[in-house]
Amino acid sequence: MKTERQISSGGVIFRRNPPSIPPLKKGGQGGIEVALIAVKEGKVWCLPKGLRENGEGIARTAHREVKEETGLDGKIIKLIDHIQYFYAHKEAEETKRFFKIVYFFLMECTGGDVANHDDEVNDCRWFPIDEAIRLVEYKDEKEILKKAKRMIEG
Ligand code: ATP
């Protein structure tokens with residue numbers, strides 16, 4: 001079976017919970033929150049991302065996909081790392097195999113509202129970063145979030 005390569009890009013978009021806003025959790029004042037999306041009937045929480053379009057740079061893809069999927073605008077800070085995985089997709093009689101590379105960028109939220117998330121995702125919410133690390137489905141995305149946390153905390 002032939003394996004098709006795909007390049008995707010996405011982001012860890014964060015905000016600092018300002019003291020004027022009640023913290024989501026006890027002790028969360030001034031903490032870092034990140035936006036996650038829910039897919040697969042709301043059962044799987046993951047980072048926003050999507051396929052690169054023709055001629056697009058990976059940072060531009062990350063900015064566009066994060067905006068589309070979460071409803072949030074973000075300023076790109078820097079590349080966190082990339083992950084890669086294989087998956088199979090069945091279409092009619094044919095099963096296709098893909099090898100996907102996903103680049104994740106650290107992005108600081110500059111505006112927008114998670115209420116305006118894409119209809120194609122089931123939900124989008126802000127979570128304290130430690131809760132997001134626990135909640136995300138894929139192990140490699142947990143590592144991306146841990147790296148992002150270290151970058152934000154300096
Ligand atoms: P995109 O958001 O890039 O447009 P998509 O929703 O079409 O993508 P993926 O999110 O890559 O595709 O999902 C395709 C398959 O890969 C699904 O079965 C999903 O469960 C699996 N998958 C997604 N992310 C990971 C990961 N980090 N590690 C392993 N498998 C993953």
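Just the heavy atoms: all of them, side chains too, but no hydrogens, waters or symmetry mates, feed the values below. Whatever order the structure lists them in is the order used to number ligands and atoms, beginning at 1.
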Hey, does the side chain of [X] reach the backbone of [Y] with a donor-acceptor pair shorter than 3.5 angstrom?
| X | Y | answer |
| --- | --- | --- |
| Ser8 | Gly50 | yes |
| Thr110 | Asp73 | yes |
| Lys142 | Arg134 | yes |

Next on the checklist: For a quick check under 3.5 Å, do Tyr87 and Gln6 share a side-chain donor-acceptor pair by atom type?
Outcome noted: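 Yes - a donor-acceptor pair under 3.5 Å links their side chains.
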Does the side chain of His117 come under 3.5 Å of the side chain of Asn122 through a donor N or O and an acceptor N or O?
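On atom types as modelled, these side chains do not qualify, holding no pair under 3.5 Å.
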| Charged N to carboxylate O under 4.0 angstrom, Lys49 versus Glu69? |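 No salt bridge links Lys49 with Glu69.
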| request: Collect the protein residues that have a non-hydrogen atom under 4.0 Å from ligand 1 and hand them over in chain and number order. | output: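 Near ligand 1, by chain and number: Ser8, Lys40, Lys49, Gly50, Leu51, Ile83, Tyr85, Tyr87, Lys100, Tyr138, Asp140.
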